[in-house]
Amino acid sequence: MGSHGIRDRVAIVGMGCTPFGEHWNRSADDLLVDAVGEAVTSAGITLDDIDAFWLGTQASGVSGLTLSRPLHLPCKPVTRLENMCATGSEALRNACYAVASGAYDVAMAVGVEKLKDSGMSGLSGTTMPGAGDDSRGEITAPANFSLLAPAYAAKYGLGEAELKDVITRIAWKNHANGARNPRAQFRKEVPLERIKSAPIVAGMLGVFDCSGVSDGSAAAIVVRAEDAYRYTDKPIFVKALSLVAGPADGLQDPEYDFTTFPEVVASAQEAYRQAGVTDPRAEIALAEVHDCFTPTELVLMEDLGFSGRGQAWKDVTSGVFDLDGSLPVNPDGGLKAFGHPIGASGLRMMFEAWLQLRGEAPPERTVRTLAEGRSLALTHNLGGGPGECVSFVSLVGSELTD
Amino acid sequence: MAGLIAYGAYVPYHRLARADLAAVLGTPPGKGTRAVAGYDEDTTSMAVEAARGALAPDGLRPRIGQLFLATAAPAYLDKTNATAVHAALGLDEHVLAADMAGSVRSGLGALITAARSTVPTLTVLSDLRTGLPGGSDESAGGDGAAAFVFGGHRDSTPVIAELLAHDTVSDEILDRWRLPGSPTSRVWEERFAEEIYVDLAGEALTAALDRAGLDIAAVDHLIVSGLHARACASVRRKTGARPEAVTADLTAAIGNPGTAQPGLLLADVLDRARPGETIALVVLGDGAGVILLRTTDALPAHRSARPVAGQIAAGSAPMPYATYLSWRGLLDREPPRRPDPEPPYAPPAHRRNRWKYGFVAARCEKCGTRHLPPDRVCTSCRSVDAMTGEPMADVRGTVATFTVDRLAHTPSPPMLVVVVDYDGGGRFRCQLTDATEADAVIGARVEMTFRRTVTAAGVHNYFWKARPVRTDED
């Protein structure tokens with residue numbers, strides 16, 4: 001028994017990502033066709049070269065037919081899967097394992113979500129199924145994540161206004177990054193004061209503390225590492241894939257203090273072990289993390305080991321995670337600037353790692369840590385909420401380890 | 001000795017000022033306030049709150065043999081509402097639970113049925129009075145509930161008020177009526193029934209007093225209840241009771257809660273009556289009824305923990321009239337742009353009756369960890385199926401963290417949400433009700449209350465919420 005990573009055994013050799021946004025005139029089918037098409041083009045192959053598919057979507061379709069029908073795939077294996085907001089990352093994880101096992105030579109991971117057709121504010125149809133007796137008292141996602149704010153402030157002695165400044169800066173940073181990204185839903189920098197004074201949605205969270213609602217799709221092509229250079233000069237190698245589903249007892253257990261996601265700590269430690277990372281803040285060039293709401297990103301900095309406990313708010317304030325900081329976080333703009341089409345987000349994060357590690361990100365948002373010699377990127381997804389969630393962490397790199 | 005052994009009353013937290021109502025509608029200015037059931041309350045949930053008060057004494061709950069719920073505003077038709085009360089109280093499954101629903105007089109019927117019963121009987125009177133905007137039922141009506149346990153024939157439970165006698169006179173009379181589905185009653189010209197009621201009350205009172213071998217002068221507390229305010233006033237004047245014995249009704253402060261009014265007025269008298277005093281409860285409506293009680297030496301030590309007067313005093317500052325109208329469904333507000341709430345599903349709700357209605361958690365027999373909701377596998381030691389039920393309805397807790405959800409579907413936005421850590425262990429996230437945003441803070445003390453959380457697709461969803469502890473018991 002044991003967890004055996006697949007470090008350097010598979011590589012991503014092609015990726016595609018649609019612009020994320022309000023695609024009123026495009027269906028989930030359209031988005032899938034676009035993302036898949038871009039991915040196969042970038043790998044220099046055709047759809048016929050792909051042996052198996054993993055499609056992640058939460059609410060935009062069921063079964064493999066969700067992908068095979070719009071593409072008219074000729075009787076290929078297609079698995080549709082869902083793991084809350086980690087759905088896109090989970091599709092990639094499964095495709096990677098399929099190739100690493102030797103079962104297939106070429107696999108594709110695709111993620112898609114069409115949220116804007118519902119007409120609803122926020123995510124719809126995304127709540128965890130309760131016991132059916134309706135005693136869970138479902139709350140909205142922003143309210144759920146806003147539970148972190150008063151707990152963090154109380155534990156570390158921050159005033160409410162002080163914490164508001166911190167989370168405001170996170171939103172400001174991610175919008176500033178997204179403004180440099182043509183695929184982002186929101187492409188304007190937003191002044192701090194406007195973020196801070198925006199209408200309140202839940203708890204301490206204003207409109208700008210929440211990721212948007214958008215549509216999008218992204219895809220990745222996975223092959224054995226030794227085959228990678230047949231497809232591209234600049235493959236990215238999978239160093240670690242780690243997913244955990246927590247015991248979901250934080251809402252039952254008074255020991256849980258709402259200032260951490262233990263699931264993120266566990267998945268990050270496992271990913272670092274698989275990749276051989278011992279000092280994530282110094283070794284990683286960039287991180288794409290699940291900034292569904294600004295307090296989430298704050299807490300993640302500590303859970304991912306980028307900041308000490310109770311220190312992340314200081315690191316946020318001093319710009320450590322800015323585009324030109326010592327560890328850029330969400331250089332593509334994050335969920336803040338992209339919105340969060342559930343099934344697509346994990347692969348959208350990987351797309352930024354793909355661009356940055358290959359030196360293909362536009363100069364205005366290329367992180368300087370790469371020039372300093374770092375070659376690792378981290379992606380992170382979180383599904384659920386404080387006290388009960390699934391967490392995914394991956395590490396990918398542009399170089400094979402000796 | 002047969003008689004009353006316990007009682008409890010429930011006056012909802014919210015108030016509507018008659019002056020505000022008049023200001024909005026341009027009607028003549030009214031005085032005082034009326035009690036208003038919360039957006040998350042109905043006659044069933046209020047009945048639970050009153051009954052919890054009555055069943056507070058240790059050892060009383062298992063002795064209850066039958067339960068009657070009387071209301072003129074049943075939450076459901078066809079389906080029994082008393083069974084929801086029964087489930088929320090965690091009474092034994094063999095306890096009869098039945099409604100006496102539809103007429104205001106059902107309150108009198110339930111009280112007399114309980115008083116006559118040979119098994120300890122819990123009777124709950126609950127009502128929610130609505131009138132169309134500007135009508136007198138709106139301004140004079142009220143919401144509330146009261147619960148009484150009659151019994152005490154055996155074992156140690158002391159009788160706090162002995163049943164001396166009772167009498168009823170039934171008369172078919174069209175003075176007030178309401179077609180099913182209509183929100184408001186219709187009333188005949190008031191003076192028509194006034195004299196009839198005075199005569200009927202006199203008959204019933206004389207018969208009861210004769211049966212008890214008493215004279216009207218022996219009555220220390222005369223309570224007259226009924227929706228016919230003019231007739232009630234006449235009866236108060238004309239019974240010949242000592243002037244100081246005539247009790248005022250509570251309409252000025254909480255309005256007239258119809259079916260529940262005789263119960264709330266009786267509870268209020270029991271809150272302050274001295275031992276050895278005689279109470280005459282006169283109820284008008286489709287005839288008249290009288291219950292004669294004499295308080296015992298046991299009363300002072302066994303009064304309700306939450307007196308009516310205290311609940312009246314603890315009421316909220318008056319709410320805006322527009323809020324009242326939207327809570328009552330008389331003002332249709334724009335819903336949030338969110339998916340409609342789903343109703344509970346029948347099989348899982350039934351499977352989890354003890355949790356959903358009774359708020360019974362589970363405690364691990366191996367390591368002692370409490371689980372809300374109950375689980376089969378212990379979150380701490382992971383033992384399987386080693387759980388014991390643990391009622392949590394009366395356990396207080398402290399807020400660990402909180403939020404204010406401004407997007408959530410609720411009849412009264414924003415939704416206040418708290419994570420509660422219970423005294424003695426266990427945690428649950430739930431709504432906070434009867435509260436403002438200022439009440440949602442880390443460290444706040446809360447207690448649990450049974451509510452109708454939402455009505456979706458024609459199904460009422462009942463569950464428990466937290467509310468701020470406002471009494472000084474804590």
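Predicted, not measured: the structure shown is a model, and the values here were computed from it. Residue numbers begin at 1 in each chain, while the letters A, B, ... track the order of the sequences.
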* Asked: Which atoms of A/Ala151 come close to chain B, meaning under 4.5 Å heavy atom to heavy atom: side chain ones, backbone ones, both, or neither?
  -> both
* Asked: With only heavy atoms counted, which part of A/Ile200 is less than 4.5 Å from chain B, the side chain, the backbone, both or neither?
  -> both
* Are side-chain heavy atoms of B/Leu407 and A/Pro142 found at a separation under 4.5 Å? -> yes
* Would you say A/Pro199 and B/Arg406 make side-chain contact, with heavy atoms under 4.5 Å? -> no
Please check if atom [atom1] in [X] has more than 12 non-hydrogen atoms from other residues, nucleotides or ligands closer than 6.0 Å.
{"X": "B/Asp332", "atom1": "CG", "result": "no"}
{"X": "A/Glu162", "atom1": "CD", "result": "yes"}
{"X": "B/Lys79", "atom1": "NZ", "result": "yes"}
{"X": "B/Arg376", "atom1": "CZ", "result": "no"}

* Would you please go through residues 426-443 of chain B and name the residues with a non-hydrogen atom below 4.5 Å from one of chain A, in numerical order? =>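 Listed by number: B/Gly426, B/Arg427, B/Phe428, B/Arg429, B/Ile442.
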* To do: Any chance you could lay out the side-chain contact (heavy atoms from CB on, under 4.5 Å) test for B/Leu372 and A/Gln252, step after step, and finish with the verdict?
  => CA-CA 6 Å; B/Leu372 293 85; A/Gln252 290 181 306; 5.7 Å; no
Quick check on [X] against chain A: is it the side chain, the backbone, both or neither that has a heavy atom closer than 4.5 Å?
{"X": "B/Ala400", "value": "neither"}
{"X": "B/Trp355", "value": "side chain"}
{"X": "B/Tyr345", "value": "both"}

* Asked: When only pairs under 4.5 Å are counted, which of B/Asp375, B/Val377, B/Thr453, B/Leu416 shares the most heavy-atom pairs with chain A?
  -> B/Asp375
* With chain A, which of B/Ala456, B/Pro373, B/Pro414 has the greatest number of heavy-atom pairs at distances under 4.5 Å? -> B/Pro373
* Indicate the atoms forming the closest heavy-atom contact of B/Pro343 with A/Asp134, along with that distance. =>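 So the minimum-distance heavy-atom pair works out to C-OD2, 4.2 Å.
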* To do: Compare every heavy atom of A/Phe258 with every heavy atom of B/Val419, then report the nearest pair and how far apart it is.
  =>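 Distance-wise, the nearest heavy atoms are CG2-CZ, 3.7 Å.
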Looking at [Y], is its backbone amide N or carbonyl O close enough to the side chain of [X] to form a donor-acceptor pair, meaning the two atoms are under 3.5 Å apart?
{"X": "A/Asp253", "Y": "B/Thr379", "answer": "no"}
{"X": "B/Thr401", "Y": "A/Leu147", "answer": "yes"}
{"X": "B/Thr403", "Y": "A/Gly203", "answer": "yes"}
{"X": "B/Asp405", "Y": "A/Ala143", "answer": "no"}

* To do: Calculate, to the nearest 0.5 Å, the distance between atoms CG and CD belonging to B/Asp421 and A/Glu255 respectively.
  => 9.0 Å
* Asked: Rounded to the nearest 0.5 Å, what separation is found between the OG atom of B/Ser380 and the CG atom of A/Asp249?
  ->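 One gets 9.0 Å once the value is rounded to the nearest 0.5 Å.
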